Number of protein chains: 2
Amino acid sequence: MLTDFNRLKVFYTIYRYKSAAAAAKELYISQSAVSQSLGKLEQELKTQLFVRMHKKLVPTAAAGRLYEIVEPFVRGLEGGLAWLEAEKAGPRGMLRIGAPVEFGSRNLVEFIAAFRRRHPAVFFEVSLGHPDMLLPRLAAGELDLVFADIFPGRGAKSLPPFAVSTVIAEKLVLACSAGYHSARLRGTITPAALAGCEFLDYSHGRPALDNWFRHHYDKSLPGLKVVLTVESVQAILNGIKGGLGLGIVPEYLVEKELKAGSVWAVRTGRPELINRISLVRLKGKAASPAEKAFLENY
Amino acid sequence: MLTDFNRLKVFYTIYRYKSAAAAAKELYISQSAVSQSLGKLEQELKTQLFVRMHKKLVPTAAAGRLYEIVEPFVRGLEGGLAWLEAEKAGPRGMLRIGAPVEFGSRNLVEFIAAFRRRHPAVFFEVSLGHPDMLLPRLAAGELDLVFADIFPGRGAKSLPPFAVSTVIAEKLVLACSAGYHSARLRGTITPAALAGCEFLDYSHGRPALDNWFRHHYDKSLPGLKVVLTVESVQAILNGIKGGLGLGIVPEYLVEKELKAGSVWAVRTGRPELINRISLVRLKGKAASPAEKAFLENY
DNA sequence: ATCATTGCTTAAGTAACACTTATGCTTACA
DNA sequence: TGTAAGCATAAGTGTTACTTAAGCAATGAT
């Protein structure tokens, strides 16, 4: 690679003015410095860049070629720096956000819509997926912030470089349809009574169910009949309504149905399990105005 | 503009490795120097570019943007420098040549065709026109070399920054058709006899005719009847053959016709006027291998 | 758990080199 | 012919980028 990029800056200026004296004035250095810098560059490239004529430096073909490389760069740089300045001045620019599928396509998009009404110069790039996929991307600098629904069990301790703050705490209920309930769960609810039922969960390790049982009964029930595994709250909800069995869903999603009696939720006397949606950022990363505005409002 | 371009080179290397230590190794400087350079750049931009994490530098969005500007530049630069190297190694690349219309579209193009058979990596950009238009472009570095038919009268002294060498010396004759001759020029040829004839010239100052008369009779004849002015040797030639009158043409173009007797040329006893086609280059400009090869063969 | 390793940062000293001042040369223009 | 403008070169100086060294934090192995 070229040893000294600064000489290119001098070259660029000389080329524009076809004059060392004019370049010196623009660069706030002496004409001699410009001349020396050009000489060094020519030596370095072992190529003549200008023909010295009286009161004028005439570019050679090589100089023309070099200028065509340097010119778009300088222009791009000026534009880019101006953009950085603008981003520091107020909320604008791109925000790259990761979020769980359901939360991202529901709450987050709604919030973004509201946010953009106040800050139309901010635009978004949302990546939906598991925190397991999202957090490494955050750590690699590909995302600015990530929403993660980290269950109390795992996570937490294995994330030293992250700054975590809870934004939403939604109650999780174990629910089934009224029909399923009246058919399979008459009488008081006990772990033993539940053990014979059909269940729905989000992935094959049944993390949601295990978590719920540990919270409410201090133990997980092995050998549950998980009849449906699907990575979608909406799908689980539909399964519940269709009488497939019992599944974990955010309580606010079934509020109407619970009141109407079409859906029934297991109550154990203990407070409901809380699903904390956390906002994760890289520890030590300065927040841009756009990011600040986003964080303040959430 | 940015004060120090060299820091961008360091930034570029850091970004590629996401590591200051690796960048230091590649740049053959200490890791500390890399760290300091990055710090200076961030200060200069007043923007955080990397989040310092253990054994890793994680780029921010701003760094990504900056990289997208710098990266194509570095790649373009590498390509461009490789090209310069290649051009120095052997005859290749672009040659920008200026020439008079007739010479350029006839002799020059023929020569280029032969030249390219030996050096297929050399390509050409030919500008046709008056030396008056071409030489300033040569002086401005827009052309590498110019063929010029400079009449002895002017030129020569007003071109101090140019290096001139004659490449072709063609005899110019004042000719007319056999029919025109027998009808209008019986007997011995004198200036007085010629004065009553019709003439053809290349431009309205009748430079060719004046030049010819000064050479052969040491004076120019004012008030000549110039019945056709056209900037084309071929057109003049056709005019002569058509019996329009007398015109100046290169002797070799009418050699056959002179021998056959269909065209007749004025002979004064003096040696013929010589039209020197000169090759003009910028004094002090180093010739590329392609240019060298071109000059050697001409 | 503890220790060794790795990588980044900061501080201080040094060495390199870019810049300035000064001079001379060339050319254009009055 | 003289003067002014522009570039090149030389010598000296000043800035600053770099090196060396120490400190800190996080990781992974024993």
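Worth saying up front: this structure is predicted, and the values here are computed from it rather than measured. So that the names make sense, note that chain A is the first sequence line, chain B the second, and so on, each numbered from 1.
- Set against D:dG6, C:dT10, D:dA17, the side chain of B:Ser35 has C:dT10 as its closest nucleotide.
- Each of A:Lys55 and A:Ala33 was assigned the nucleotide of DNA chain C with the nearest heavy atom; the assignment lying further toward the 5' end belongs to A:Ala33.
- Taking atom CZ of A:Phe162 as the reference point, atom C1' of D:dA26 lies 15 Å away to the nearest angstrom.
- Counting to the nearest Å, the C1' atom of D:dC7 and the CZ atom of A:Phe50 are 13 Å from each other.
- Using a 4.5 Å cut-off on side-chain heavy atoms (C-beta onward), A:Leu41 and A:Leu45 make contact.
- Residues B:Leu279 and B:Leu295 are in side-chain contact: their nearest non-hydrogen atoms beyond the backbone lie under 4.5 Å apart.
- The NZ atom of A:Lys40 sits 14 Å away from the P atom of C:dA16 (whole-angstrom rounding).
- Within the 4.5 Å cutoff, the side chain of B:Leu8 has heavy atoms near those of the B:Leu2 side chain.
- Counting only distance, with no hydrogens or angles, the side chain of B:Glu42 and the backbone of B:Gln48 share no donor-acceptor pair below 3.5 Å.
- Aromatic rings from A:Phe73 and B:Phe5 are positioned such that their centres are separated by under 6.0 Å.
- Between the B:Arg75 side chain and the B:Gly79 main chain, no donor and acceptor come within less than 3.5 Å of each other.
- Per the geometry, CD belonging to A:Gln36 stands 9 Å off C1' belonging to D:dA10, to the nearest Å.
- One atom, CZ of A:Arg52, and another, C1' of C:dC25, lie 15 Å apart when rounded to the nearest Å.
- In this structure, B:Ser32 does not reach the D:dT19 phosphate: none of its side-chain N or O atoms is under 4.0 Å from OP1 or OP2.
- Listed by residue number, B:Ile29, B:Ser30 are the residues of residues 22-30 of chain B with a heavy-atom contact under 4.0 Å to DNA chain D.
- Regarding contacts with the backbone of D:dC7, a side-chain N or O of A:Ser19 is found under 4.0 angstrom from either OP1 or OP2.
- One can place CD of B:Gln31 at 13 Å from P of D:dT20, the figure rounded to the nearest angstrom.
- Looking only at distances, a side-chain donor or acceptor of B:Lys18 sits under 3.5 Å from a matching main-chain atom of B:Tyr15.
- Nucleotide D:dT15 holds its C1' atom 14 Å from the CG atom of A:Asn6, rounded to whole Å.
- As rounded to whole Å, 16 Å separates atom C1' of D:dG6 from atom OH of A:Tyr17.
- For C:dG7, neither phosphate oxygen OP1 nor OP2 lies less than 4.0 angstrom from any side-chain nitrogen or oxygen of B:Lys56.
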